Amino acid sequence: MGHGGDVVRELTVDHDEVKEYFGQLRSATDGKRRRELADLLTIELVRHSVAEEEYLYPAIREHLDGGDRIADKEIADHSRAQELLKELEQLDPEGAEFGSRIDELRTEVLAHIKDEEENLFPALRHNCRQSELDHLGDSIRRAKKLAPTRPHPGSPSTPPANKLIAPGIGLVDRARDLVTGRGKGA
């Protein structure tokens with residue numbers, strides 16, 4: 001969950017973990033294992049998205065030309081992924097629809113990752129001091145520790161509301177995960 005380094009390194013390592021989960025899901029045949037992997041993928045994606053919405057996108061708005069447009073597009077991408085994750089929670093991991101949703105999610109998320117790594121992160125590096133990038137990395141790590149672990153598509157995605165609500169939702173999600181054992185299948 002927390003990898004160290006500046007914001008670009010932190011989020012790039014998250015991206016690598018997400019790609020790994022997609023690869024494992026592609027080769028998993030057992031329904032129980034597919035559910036475990038989908039839960040781990042969901043936890044990672046939700047924490048990552050919440051942290052980006054709390055800290056990265058406000059920085060994008062502040063430091064990049066066209067930052068509002070860029071941040072709004074990124075948030076829209078997250079909303080679509082949250083909806084797919086919510087649908088995935090309800091599906092039988094051995095059913096065809098589960099596989100279709102995973103494929104749809106993979107396509108959406110990998111396009112989002114590619115755009116961030118090829119365009120957004122280089123622009124951020126060019127427009128921010130290293131100390132700002134380091135501080136953002138620390139903020140992202142703290143946010144992921146408190147973030148929800150389940151999709152909540154209707155939750156606020158911009159400050160200040162998201163920074164106020166996400167920790168409470170995260171606490172409830174982590175309590176549910178502890179009781180059910182969700183997220184322990186790594």
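Quick note: residue numbers are just sequence positions, from 1. Note that the coordinates shown come from a computational prediction; the quantities given were computed from them, not determined experimentally.
- Smallest separation of non-hydrogen atoms from Leu37 and Ala28: CD1-CB, 3.9 Å.
- Sorted by first and then second residue, the ring-ring contact (aromatic ring centres under 6.0 Å, His included) pairs involving residues 117-144 (not counting sequence neighbours) are His15-Phe121.
- In terms of the salt bridge (Lys or Arg N to Asp or Glu O under 4.0 Å) criterion, residue partners of Asp68 (sequence neighbours excluded) are, by chain and number, Arg61.
- In this structure, the salt bridge (Lys or Arg N to Asp or Glu O under 4.0 Å) partners of Glu83, at least two apart in sequence or on a different chain, are Arg80.
- Residues Ile113 and Leu110 have side chains in contact (heavy-atom distance under 4.5 Å, counting atoms from C-beta outward).
- Across all their heavy atoms, Tyr57 and Ile75 have their closest contact at CD1-CG1, 3.7 Å.
- Note: the hydrophobic cluster containing Leu146 does not contain Leu178 (ILVMFWY, side chain heavy atoms under 4.5 Å, direct or indirect links).
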From CA spacing to verdict: side-chain contact (heavy atoms from CB on, under 4.5 Å), Leu133, Val7: CA-CA 5 Å; Leu133 298 174; Val7 65; 3.8 Å; yes

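- At least one side-chain heavy atom of Lys73 sits under 4.5 Å from a side-chain heavy atom of Asp115.
- Checked options Glu117, Glu118, Glu116; the residue passing with Leu120 is Glu116 (criterion: side-chain contact (heavy atoms from CB on, under 4.5 Å)).
- The side chain to side chain donor-acceptor pair (under 3.5 Å) test applied to Lys19 returns no partner, not counting sequence neighbours.
- When the salt bridge (Lys or Arg N to Asp or Glu O under 4.0 Å) test is applied to Arg101, the partners found at least two apart in sequence or on another chain are Glu87, Glu97, Glu104.
- Using modelled atom types, no side-chain atom of Glu10 and backbone atom of Gly5 make a donor-acceptor pair closer than 3.5 Å.
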- request: Decide yes or no on side-chain contact (heavy atoms from CB on, under 4.5 Å) for Asn119 and Ile70, but give the supporting numbers first.
  value: CA-CA 10 Å; Asn119 300 305; Ile70 295 166; over 6 Å; no

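- Here Phe98 contributes atom CZ and Gln90 contributes atom CD; the two are 11.5 Å apart, rounded to the nearest 0.5 Å.
- Between Asp138 and Arg142, none of the side-chain N atoms (NZ, or NE/NH1/NH2) sits under 4.0 Å from a carboxylate O, so this pair counts as no salt bridge.
- A salt bridge does not link Asp14 with Arg47: none of the charged nitrogens is closer than 4.0 Å to a carboxylate oxygen.
- Nearest heavy atoms, Ala51 versus Lys144: CB-CG, 3.7 Å.
- Of all heavy-atom pairs between Gly183 and Leu40, the closest is O-CD2, 3.3 Å.
- The environment of Arg26 atom CZ is sparse: at most 12 non-hydrogen atoms of other residues, nucleotides or ligands sit within 6.0 angstrom.
- Rounded to the nearest 0.5 angstrom, Arg141 CZ and Leu136 CG are separated by 10.0 Å.
- The residues Arg106 and Asp103 are annotated as salt-bridged, a charged nitrogen and a carboxylate oxygen being separated by less than 4.0 angstrom.
- No side-chain N or O of His78 forms a donor-acceptor pair with one of Glu74 less than 3.5 Å apart.
- For the residue pair His63 and Glu132, a side-chain donor N or O sits within less than 3.5 Å of a side-chain acceptor on the partner.
- With Asp39 as reference, Arg182 is the one residue of Arg150, Arg182, Lys32 to meet the salt bridge (Lys or Arg N to Asp or Glu O under 4.0 Å) rule.
- Annotation: the span from Leu105 atom CG to Thr42 atom OG1 amounts to 7.5 Å, rounded to 0.5 Å.
- Nearest heavy atom pair, residue Leu64 against residue Ala123, reads CD2-O, 3.6 Å.
- A distance of 11.0 Å separates CG in Leu25 from CD in Glu36, rounded to the nearest 0.5 Å.
- Remark: Ser27 OG to Arg33 CZ distance equals 9.0 Å, nearest 0.5 Å.
- Note on Val18 and Ile43: separate hydrophobic clusters, where clusters join Ile, Leu, Val, Met, Phe, Trp and Tyr whose side-chain heavy atoms are under 4.5 Å apart, directly or indirectly.
- Note on Leu41 and Val109: same hydrophobic cluster, where clusters join Ile, Leu, Val, Met, Phe, Trp and Tyr whose side-chain heavy atoms are under 4.5 Å apart, directly or indirectly.
- The minimum heavy-atom distance linking Ala71 with Ile60 is given by the pair N-CG2, 4.4 Å.
- When atom types are taken as modelled, the side chain of Arg34 and the backbone of Pro93 share a donor-acceptor pair closer than 3.5 angstrom.
- Take Asp92 and apply the salt bridge (Lys or Arg N to Asp or Glu O under 4.0 Å) test, not counting sequence neighbours, and it matches no residue.
- Within the model, atoms CG of Asp16 and CG of Leu11 stand 11.0 Å from one another, a figure rounded to the nearest 0.5 Å.
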